Amino acid sequence: DCSFQILKKCYHFEWIDEYVDRIQFEGYIDSSVAATWELNLGGVPPIAVENTGSSGGGAGRVVPMVMYARNAELHAESELTEELKKIMPRAKWCDTLICVPACNISTAMKAFKDLRISVGAENVYFEEKGAYTGEISADMLKDLGVKYVIVGHSERRQYFCETDTTVNKKVHAVLNAGMNPIICVGESLEQRELGVTMEHITYQVKCALAGVPAEQARKVVVAYEPLWAIGTGRTATAQQAGEVCEGIRTIIRKLYGAHVARSVTIQYGGSMNAKNAAELLAQPDVDGGLIGGASLKPADFVEIINAANQE
């Protein structure tokens with residue numbers, strides 16, 4: 001509770017006013033909705049990452065991205081690996097990635113090297129070098145063999161004061177280091193009920209990709225994770241997930257053109273599990289999943305991979 005109270009002070013109310021003013025100015029919501037937003041949420045913006053003919057996109061096979069982040073499980077890679085070795089599909093595979101805390105990257109690299117599972121990072125700092133005690137730069141992660149980095153996860157935004165500005169800086173740092181950012185975006189329950197889901201996600205995507213050239217945009221992964229469906233047991237319907245992921249591809253198409261939009265992998269990341277994965281992944285613009293709790297259950301995780309492998 002003490003930590004939460006301290007972190008809560010990181011929200012700077014001048015920044016909040018600027019945020020609301022900016023989205024009004026850019027036409028995302030009108031003043032009446034902005035007033036309601038401030039009233040309902042106590043002045044704190046809810047935080048959390050083209051239609052190509054609904055043909056979907058994402059380079060290559062479907063890509064389930066695994067987020068393996070629980071502190072209690074930091075030394076469980078070997079046990080998880082042994083269980084996965086026994087049941088992992090041997091036929092055609094989708095691309096699979098496990099993202100771990102920085103202190104576990106080297107261990108995970110060794111543990112999963114025989115399972116065709118890549119290893120990524122859960123966070124990065126945007127400065128290349130300097131006196132930033134405790135932070136880990138993109139080059140440090142690259143030296144460890146990391147190819148993917150989660151950027152702007154809702155928990156980073158909520159508890160560590162991550163903003164759209166810092167997300168953009170991290171995206172540039174990851175891309176400039178030759179890695180692939182997994183950009184998390186998503187709306188709160190209040191925003192969905194207000195009917196401003198796509199306005200909010202449009203803003204997040206545009207901010208995250210600001211200044212990113214087309215040749216680098218192809219390497220981006222966007223993970224849609226509605227805040228109200230993260231760790232709550234609630235899941236967006238397949239239709240809701242499909243609509244937002246299609247909307248994200250539309251945004252990218254308008255920014256970079258249809259070819260880049262088809263190259264970008266778009267994932268769903270709100271409580272995807274063994275029971276709902278097939279229906280979610282069947283949506284044309286849902287190219288994969290950002291899996292949380294279900295990734296810690298080998299049998300369930302394999303079911304998700306099997307769902308992703310379906311034609």
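Residue numbers start at 1 and run along the sequence shown. None of the values given here were measured: they were computed from a predicted structure.
- If you take CD1 on Ile291 and SG on Cys99, they are separated by 11.5 Å, rounding to the nearest 0.5 Å.
- Val151 and Tyr125 are members of different hydrophobic clusters when ILVMFWY side chains are connected at heavy-atom separations under 4.5 Å.
- The closest donor-acceptor contact from the side chain of Tyr224 to the backbone of Val286 lies at 3.5 Å or more, if one exists at all.
- Legend: residues meeting salt bridge (charged side-chain N to carboxylate O under 4.0 Å, His left out) with Arg192, ordered by chain and number and at least two apart, are Glu187.
- To the nearest 0.5 Å, atom CD of residue Gln240 and atom CG of residue Leu280 are 10.5 Å apart.
- With a 4.5 Å cut-off on side-chain heavy atoms, Val220 and Pro181 count as touching.
- No donor-acceptor distance shorter than 3.5 angstrom exists from the side chain of Asn104 to the backbone of Val100, with no hydrogens or angles considered.
- Enclosure of atom CD in Glu215 by more than 12 non-hydrogen atoms of other residues, nucleotides or ligands within 6.0 angstrom is indicated.
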Practice problem: Please lay out, stage by stage, how Ile150 and Leu290 fare under the test side-chain contact (heavy atoms from CB on, under 4.5 Å). | Solution: CA-CA 10 Å; Ile150 296 176; Leu290 184 70; 4.3 Å; yes

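- Summarising the geometry of Ile136 relative to Ala102, their closest heavy-atom pair is CD1-CB, 3.1 Å, with the distance given to 0.1 Å.
- In plain terms, the two heavy atoms of Ile304 and Ala294 that are nearest each other are CD1-CB, 3.9 Å.
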Self-check item: Stepwise side-chain contact (heavy atoms from CB on, under 4.5 Å) check, Asn273 with Asp300
Solution: CA-CA 7 Å; Asn273 55 52; Asp300 288 358; 5.9 Å; no

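- Looking at heavy atoms from C-beta onward, Val222 lies in side-chain contact with Ile252 at the 4.5 angstrom threshold.
- Two residues are said to be in side-chain contact when any heavy atoms from C-beta on lie closer than 4.5 Å; Thr96 and Ser118 fail this criterion.
- Side-chain contact between Pro284 and Glu246 is absent, with no heavy atoms from C-beta onward closer than 4.5 Å.
- Nearest approach of Ala223 to Ile182, heavy atoms of both residues: CB-CG2, 4.2 Å.
- Under a hydrophobic-cluster definition in which Ile, Leu, Val, Met, Phe, Trp and Tyr are linked whenever side-chain heavy atoms come within less than 4.5 Å, directly or via other members, Phe301 and Phe112 are assigned to the same cluster.
- Atom NE2 of His200 is separated from atom CD of Glu190 by 11.0 Å, given to the nearest 0.5 angstrom.
- Between Arg249 and Asp287 a salt bridge is recorded (basic side-chain N to carboxylate O distance below 4.0 Å).
- When all heavy atoms of Trp228 and Ser188 are compared, the closest pair comes out as CD1-C, 3.6 Å.
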Quiz prompt | Trace of the side-chain contact (heavy atoms from CB on, under 4.5 Å) decision for Arg156 with Thr166 | solution = CA-CA 11 Å; Arg156 299 295 310 177; Thr166 57; over 6 Å; no

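- Nearest heavy-atom pair, Ala121 versus Ile105, reported as atom, atom and distance to 0.1 Å: CB-CD1, 4.1 Å.
- The side-chain heavy atoms of Glu122 and His153, taken from C-beta on, include no pair separated by under 4.5 Å.
- Between the CG atom in Asn168 and the CG atom in Asp164 there is a gap of 9.0 Å [rounded to 0.5 Å].
- Once rounded to the nearest 0.5 Å, the distance linking CD of Gln283 with OG1 of Thr237 reads 8.0 Å.
- Side-chain contact between Leu209 and Tyr256 is present, with at least one heavy-atom pair separated by less than 4.5 Å.
- Contact annotation: the side chain of Val212 approaches that of Val171 to within less than 4.5 Å [non-hydrogen atoms, C-beta and beyond].
- Note on Phe126: it does not cluster hydrophobically with Val124, by side-chain heavy-atom contacts below 4.5 Å among ILVMFWY residues.
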Quiz item: Would Val167 and Thr163 count as a side-chain contact (heavy atoms from CB on, under 4.5 Å) if you check the C-alpha gap in whole Å, the side-chain angles of each, and the deciding distance to 0.1 Å?
Solution: CA-CA 6 Å; Val167 168; Thr163 68; over 6 Å; no

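- For Lys169 and Glu127, the salt-bridge test fails: no basic side-chain N is under 4.0 Å from an acidic carboxylate O.
- Closest non-hydrogen pair, Glu279 versus Ala238, comes out as CG-CB, 3.4 Å.
- A side-chain donor from one of Asn123 and Lys170 sits under 3.5 Å from a side-chain acceptor of the other.
- Going from atom CG of Asp139 over to atom NZ of Lys129 covers 9.5 Å, rounded to the nearest 0.5 Å.
- In this structure, the side chains of Met109 and Lys113 stay at 4.5 Å or more apart for every pair of heavy atoms.
- Using modelled atom types, one side-chain atom of Lys219 and one backbone atom of Gly178 make a donor-acceptor pair closer than 3.5 Å.
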